[in-house]
Amino acid sequence: MVLPLAVVIGGLAGGGRLHMGGSDGLLLFFLGTLLEVNLSQLFLLAATRPAGLAVVWSSVGVGRRLGSTVRGGRLVTFRSLPLILCYACVVVTERAEQGLRLWRATVLAVLAELAVAAALILSGGAAAPLGWGMATWSVLFGVIKPGTVTSRAWTLFRLPFGGRVSDLAEWAHDPVSLAAARALAAGRIDVMRAALAGAEPSRRPQRRAMEAALALAEGRYDDAARESWALRTELESRRLRLDALRTFAATLACAMEAGHWAPQDALPRFNAAMAELRDEQGPQLRVNGLAALAALFEGNPSQAEKKAAYAVRMAPDSSTLTEAHLTRAAAQSALGRHDAARASLAKAAALAPGLRRVAVVAAVISGTPVRVPAG
């Protein structure tokens, strides 16, 4: 993305498009890209229902977490920087003619974005660099990752021209898995359990992913590992396989922490999973707390505490935030900071009552040592 953006900026600057009466319009160009990001998010939220999409959680602003609330069963998190007014995690749902719905909504959104950009460019003056920034970002966003199912490029160019609509089936959430995903994001393990327990059994990938996540939350490590690894090997989508691998890695770590599996048995598989995840999702591991867990099992509680503190600030949802607090508590306990560990534990317990790892870390703080191999 950086190289194409630099090429576009160079071309526009060379053609005099980013100058108005001698003043540099580069700042306005970048403001235009930011405006486009916000506009695309607003269009996405407006088109969720006609596109066959659904919101799992949303954030107001970006950056450090300030607080959160649950509205209509969906988590809303408030953050420190109002650069992006609203960002949402949306998922594909099971709807008739889902491929057509998604393609049509995406085309309309792109046309609307480009129409706004064109109007600004044609207005001239200070508005023109804003418009060029919007148009550039919209076009670049529409061509990256064409092989990734559900990306804008895949939806626009692969889905109607040879892309398999059946590829969307792996991503589709039925009402039960959608309710479970929303409950998990909000840290409501009881609601998640009720949603899955009251439904007819299903082998849909997203339902199985939610069942694996619930098994992990409840401390049924064998079930969680078995199901997440099966998804890791069976799914076609690279992104979904990595999501399953992330659950598998978290299961291994939590099982070792609980003493369910010995480190000499589980640690090699955990390290292998983390190596693959770092190659593909390095920045995400810092946000979701897995990097902190890895540091803990590498025998570096000081680094684990620092990484867990970062995850606490940046966690995308309440479930991830809870896990970050728990990892921080375990690291603080290992460092001999027991009061701080108990405070972190209390925050986690308040966020996600019923989570099995809360009891495990409580036992660690009370005197059960964290199983960290020497060296």
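Along the sequence shown, residues are numbered consecutively beginning with 1. Everything quoted here is computed from the prediction, not taken from an experiment. Keep in mind that the numbers below use all heavy atoms, side chains included, and drop hydrogens, waters and symmetry copies.
- By the 4.5 Å heavy-atom criterion applied to side chains, E218 and R193 are counted as neighbours.
- Each of R232, Q281, R241 was compared with E276 under the side-chain hydrogen bond (donor to acceptor under 3.5 Å, both in side chains) criterion, and only R232 meets it.
- When every heavy atom of V361 is checked against every heavy atom of A330, the shortest pair comes out as CG1-N, 4.1 Å.
- Listed for the N288 side chain is a donor-acceptor partner under 3.5 Å among the backbone atoms of Q284.
- Note that the CD1 atom of I84 and the SG atom of C86 stand 10.0 Å from one another [nearest 0.5 Å].
- One distance of note links CZ of R337 with CD1 of I365; it measures 12.0 Å at 0.5 Å rounding.
- Side-chain contact between L335 and S302 is present, with at least one heavy-atom pair separated by less than 4.5 Å.
- Looking at heavy atoms from C-beta onward, Q206 lies out of side-chain contact with V91 at the 4.5 angstrom threshold.
- When side chains are defined from C-beta on, W171 counts as touching S237, because their heavy atoms get closer than 4.5 Å.
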Test L345 against H325 for side-chain contact (heavy atoms from CB on, under 4.5 Å), laying out the working first. CA-CA 7 Å; L345 176 65; H325 276 307; over 6 Å; no

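- Under a hydrophobic clustering in which Ile, Leu, Val, Met, Phe, Trp and Tyr are joined whenever their side-chain heavy atoms come within less than 4.5 Å, directly or via other members, L214 and L184 fall into the same cluster.
- In this structure a side-chain-to-backbone donor-acceptor pair under 3.5 Å is missing from T136 to G133.
- Although no hydrogens or angles enter the test, the distance criterion places no donor-acceptor pair under 3.5 Å between the side chain of S80 and the main chain of G63.
- Geometrically, R152 does not engage F141 in a cation-pi contact, judged by NZ or CZ lying under 6.0 Å from the ring centre and within 45° of the ring axis.
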The test is side-chain contact (heavy atoms from CB on, under 4.5 Å); show your working for L81 and R64 and say whether it passes. CA-CA 8 Å; L81 299 175; R64 183 169 185 163; over 6 Å; no

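- Side-chain polar atoms of T155 and R158 form no donor-acceptor pair below 3.5 angstrom.
- Annotation: ring-ring contact (aromatic ring centres under 6.0 Å, His included) contacts of W229 (sequence neighbours excluded): F248.
- The pair R239-E280 does not meet the salt-bridge criterion, since no charged nitrogen lies less than 4.0 angstrom from a carboxylate oxygen.
- Salt-bridge annotation for R203 and E227: present, with a side-chain N of the basic residue lying under 4.0 Å from a carboxylate O of the acidic one.
- Checked by atom type and distance alone, the side chain of T320 never pairs as donor or acceptor with a backbone atom of P316 at under 3.5 Å.
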Working for side-chain contact (heavy atoms from CB on, under 4.5 Å), residues E113 and S40: CA-CA 7 Å; E113 292 166 16; S40 65; 3.4 Å; yes

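- Rounded to the nearest 0.5 angstrom, L100 CG and R95 CZ are separated by 12.0 Å.
- The minimum heavy-atom distance linking M210 with S177 is given by the pair CG-O, 3.7 Å.
- A distance of 8.5 Å separates CG in D317 from OG1 in T322, rounded to the nearest 0.5 Å.
- With a 6.0 Å radius and a threshold of 12 heavy atoms from other residues, nucleotides or ligands, Q264 has its CD atom above the threshold.
- Of the inter-residue distances, the one linking N271 atom CG with F297 atom CZ reads 10.5 Å to the nearest 0.5 angstrom.
- N38 contributes a side-chain N or O that, together with a main-chain N or O of L34, makes up a donor-acceptor pair within less than 3.5 Å.
- Judged by distance alone, the side chain of S333 and the main-chain N or O of A329 form no donor-acceptor pair under 3.5 Å.
- Under the 4.5 Å side-chain criterion, counting only non-hydrogen atoms from C-beta, M134 is in contact with L120.
- Using modelled atom types and a 3.5 Å distance limit, the side chains of T77 and R79 yield no donor-acceptor pair.
- Using modelled atom types, no side-chain atom of R182 and backbone atom of V56 make a donor-acceptor pair closer than 3.5 Å.
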Might you work through the salt bridge (Lys or Arg N to Asp or Glu O under 4.0 Å) test for R226 and E211, ending with a clear yes or no? CA-CA 11 Å; R226 184 183 309 110; E211 288 170 349; over 6 Å; no

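- The closest side-chain donor-acceptor pair between R328 and S344, if any, does not fall under 3.5 angstrom.
- A 4.5 Å side-chain heavy-atom check between T251 and T247 finds at least one atom pair inside the cut-off.
- Between L53 and L44, some side-chain heavy-atom pair lies under the 4.5 Å cut-off.
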Is there a side-chain contact (heavy atoms from CB on, under 4.5 Å) between E94 and H173 once you walk through the steps? CA-CA 6 Å; E94 292 184 342; H173 287 65; over 6 Å; no

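- Between Q98 and T93, the closest heavy-atom pair is OE1-O, 3.1 Å.
- With sequence neighbours excluded, no residue forms a ring-ring contact (aromatic ring centres under 6.0 Å, His included) with F43.
- With T327 as the partner, the side-chain hydrogen bond (donor to acceptor under 3.5 Å, both in side chains) test is satisfied by one option alone out of E257, K307, R357: R357.
- Sparse packing is recorded around CZ of R49, with 12 or fewer heavy atoms of other residues, nucleotides or ligands lying under 6.0 Å away.
- Within the 4.5 Å cutoff, the side chain of T148 has no heavy atoms near those of the W154 side chain.
- With values rounded to the nearest 0.5 angstrom, L240 atom CG is found 6.0 Å from E170 atom CD.
- Crowding of R286 atom CZ: a count of heavy atoms from other residues, nucleotides or ligands under 6.0 Å not exceeding 12.
- Cluster annotation: L321 is not connected to V70 through the hydrophobic network of ILVMFWY side chains, with a link wherever side-chain heavy atoms come within less than 4.5 Å.
- Closest non-hydrogen pair, Y87 versus W57, comes out as CE2-CH2, 3.8 Å.
- L108 and W137 are members of different hydrophobic clusters when ILVMFWY side chains are connected at heavy-atom separations under 4.5 Å.
- Closest of all the heavy-atom pairs between P82 and L85 is O-CD2, 3.9 Å.
- Across all their heavy atoms, L242 and L277 have their closest contact at O-CD2, 3.7 Å.
- Annotation: side chain to side chain donor-acceptor pair (under 3.5 Å) contacts of D339 (sequence neighbours excluded): R342.
- Placement of L351 and L326 in two distinct hydrophobic clusters is found when ILVMFWY residues are connected by side-chain heavy-atom separations under 4.5 Å, directly or transitively.
- Environment of CZ in R313: crowded, with over 12 heavy atoms of neighbouring residues, nucleotides or ligands closer than 6.0 Å.
- In this structure, T233 contributes its side chain and A230 its backbone to a donor-acceptor pair below 3.5 Å.
- Both L216 and M256 belong to a common hydrophobic cluster when Ile, Leu, Val, Met, Phe, Trp and Tyr are linked at side-chain heavy-atom distances under 4.5 angstrom.
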